[in-house]
Amino acid sequence: MRFLSVLGGSCLVLVVAVAVYVIGGWYDVAANKPHWDVTLKLLDLVRERSIEVHSGGISAPRPDDPKLVEDGAQIFNEVCRTCHGAPGVPGAVFARGLYPAPANLVSNEFQQEFKSGEVFWVVKNGLKMTGMPAFDSTFEDGELWSVIAFLKRQPGMSPEAYKTLTEKKDTPQP
């Protein structure tokens, strides 16, 4: 019984200390100050598990359709390139100040770590406490899948190939 009283009292002291720390404004939320390692590990775990669980059961269409990739390149160029950059095109200056930094979508780590369904879920729903917005009310699912198809083709893409893929095509007149 004494052990439970000590444990309960210790937990209460810890909760009060955390509350004083948070309410007192002592935790620095500045974007140019990284999280503590333990905070970062906890946030990474929460993000990874949430994406994995919430994207479960999402199956991707075949990403090798050239029209799907071309459509996705157009959307990516207009909407995503500003933060994430593209082959031969760095992200905007403001994106360098985002914390956490926008994902490097062409990195081996990103390409291997995230399944297409997980990336689709993130693009559709966004991520809290990051600069990643939700695009569920902006684009149809098919349009979002075209962006995912493009992302899978982006690694190794030359700047010239990206430019060719994203140049506006003149619509022929009838």
Side-chain angles (χ1 to χ4, degrees), residues 29-32 34-35 40-41 43-174:
V29 297
N32 60 357
H35 290 297
L40 189 58
K41 284 181 170 81
L43 290 173
D44 284 347
L45 176 65
V46 168
R47 184 193 71 237
E48 290 168 12
R49 290 294 301 139
S50 179
I51 292 169
E52 188 178 324
V53 167
H54 291 283
S55 68
I58 297 176
S59 33
R62 292 186 47 88
D64 52 359
D65 176 0
K67 177 73 172 128
L68 195 65
V69 173
E70 185 178 317
D71 292 348
Q74 295 294 325
I75 295 170
F76 180 90
N77 191 56
E78 292 173 17
V79 179
C80 312
R81 175 188 44 82
T82 305
C83 290
H84 295 283
V89 183
V93 173
F94 80 86
R96 291 185 221 145
L98 292 175
Y99 186 79
N104 178 354
L105 302 176
V106 296
S107 71
N108 286 335
E109 179 184 346
F110 177 84
Q111 291 288 329
Q112 292 172 3
E113 182 177 344
F114 292 99
K115 298 174 188 157
S116 293
E118 293 172 336
V119 178
F120 173 83
W121 186 88
V122 169
V123 173
K124 183 172 182 164
N125 297 288
L127 292 173
K128 293 178 182 177
M129 298 181 291
T130 73
M132 182 65 198
F135 289 106
D136 62 334
S137 62
T138 310
F139 297 104
E140 300 290 326
D141 283 0
E143 293 171 308
L144 297 178
W145 279 117
S146 71
V147 173
I148 307 313
F150 168 73
L151 289 176
K152 291 299 180 182
R153 294 282 299 275
Q154 195 178 14
M157 183 180 288
S158 70
E160 294 77 22
Y162 178 74
K163 185 176 179 185
T164 299
L165 199 55
T166 58
E167 284 178 335
K168 295 283 186 197
K169 312 278 188 289
D170 288 331
T171 308
Q173 297 299 321

>> Holding to side-chain contact (heavy atoms from CB on, under 4.5 Å), I want the full list of residues that pass it with Ser158, two or more places apart in sequence or in another chain.
In response: Glu160, Ala161
> What is the distance from atom OG1 of Thr166 to atom CZ of Phe150, rounded to the nearest 0.5 Å?
Replying inline: 7.5 Å
>> Going by the rule side-chain contact (heavy atoms from CB on, under 4.5 Å), which residues pair with Glu109 if we only count those two or more places apart in sequence or in a different chain?
In response: Ser107, Glu113
For residues 125-134, dump all side-chain donor-acceptor pairs below 3.5 Å to protein atoms at least two apart in sequence or in another chain.
residue : atom : partner : partner atom : Å
Asn125  : ND2  : Trp121  : O            : 2.9
Thr130  : OG1  : Leu127  : O            : 2.9
Thr130  : OG1  : Met132  : N            : 3.0

> Checking Gln154 side chain against Ala149 main chain: does a donor-acceptor pair fall under 3.5 Å?
Replying inline: no
>> What I want to find out is whether Asp44 reaches Arg47 closely enough, with some N-O distance under 4.0 Å, to be called a salt bridge.
In response: yes
>> Which heavy atom of Ser55 sits nearest to which heavy atom of Gly117, and what is that distance?
In response: CB-O, 3.7 Å
> Quick one: CZ on Phe110 to CG on Asn104, what's the gap to the nearest 0.5 Å?
Replying inline: 9.0 Å
>> For residues 136-145, which residue pairs pass the salt bridge (Lys or Arg N to Asp or Glu O under 4.0 Å) check, not counting sequence neighbours?
In response: Lys124-Asp141
Atom pairs and distances, side-chain donor-acceptor, residues 80-97, under 3.5 Å, sequence neighbours left out:
residue : atom : partner : partner atom : Å
Arg81   : NE   : Asn77   : O            : 3.1
Arg81   : NE   : Asn77   : OD1          : 2.9
Arg81   : NH2  : Asn77   : O            : 3.3
His84   : ND1  : Ala103  : O            : 2.9

>> Measuring from atom CG of Leu68 to atom NZ of Lys152, what distance do you get when rounded to the nearest 0.5 angstrom?
In response: 13.5 Å
>> Does any part of the side chain of Trp145, heavy atoms only, come nearer than 4.5 Å to the side chain of Ser116, both counted from C-beta?
In response: yes
> Quick one: side-chain contact (heavy atoms from CB on, under 4.5 Å) partners of Val79, sequence neighbours excluded?
Replying inline: Ile75, Phe135, Phe139
>> Applying side chain to side chain donor-acceptor pair (under 3.5 Å), can you list everything that pairs with His54, at least two apart in sequence or on another chain?
In response: none
> In chain order, what residues pass the side chain to side chain donor-acceptor pair (under 3.5 Å) check against Glu52, with sequence neighbours excluded?
Replying inline: Arg49
> What's the spacing between Glu118 CD and Ile148 CD1 if we round to 0.5 Å?
Replying inline: 11.0 Å
> Should Ile51 and Phe114 count as side-chain neighbours, where that means a heavy-atom distance under 4.5 Å?
Replying inline: yes
> Which heavy-atom pair separates Asn32 from Pro34 by the least distance, and what is that distance?
Replying inline: O-CD, 3.9 Å
> Can you name the residues that form a side chain to side chain donor-acceptor pair (under 3.5 Å) with Asp71, not counting sequence neighbours?
Replying inline: Lys67
> Can you tell if the side chain of Leu165 reaches within under 4.5 Å of the side chain of Arg153, non-hydrogen atoms only?
Replying inline: no
>> Test of understanding: with side-chain contact (heavy atoms from CB on, under 4.5 Å), list the residues that count as partners of Ala31, not counting sequence neighbours.
In response: Tyr99
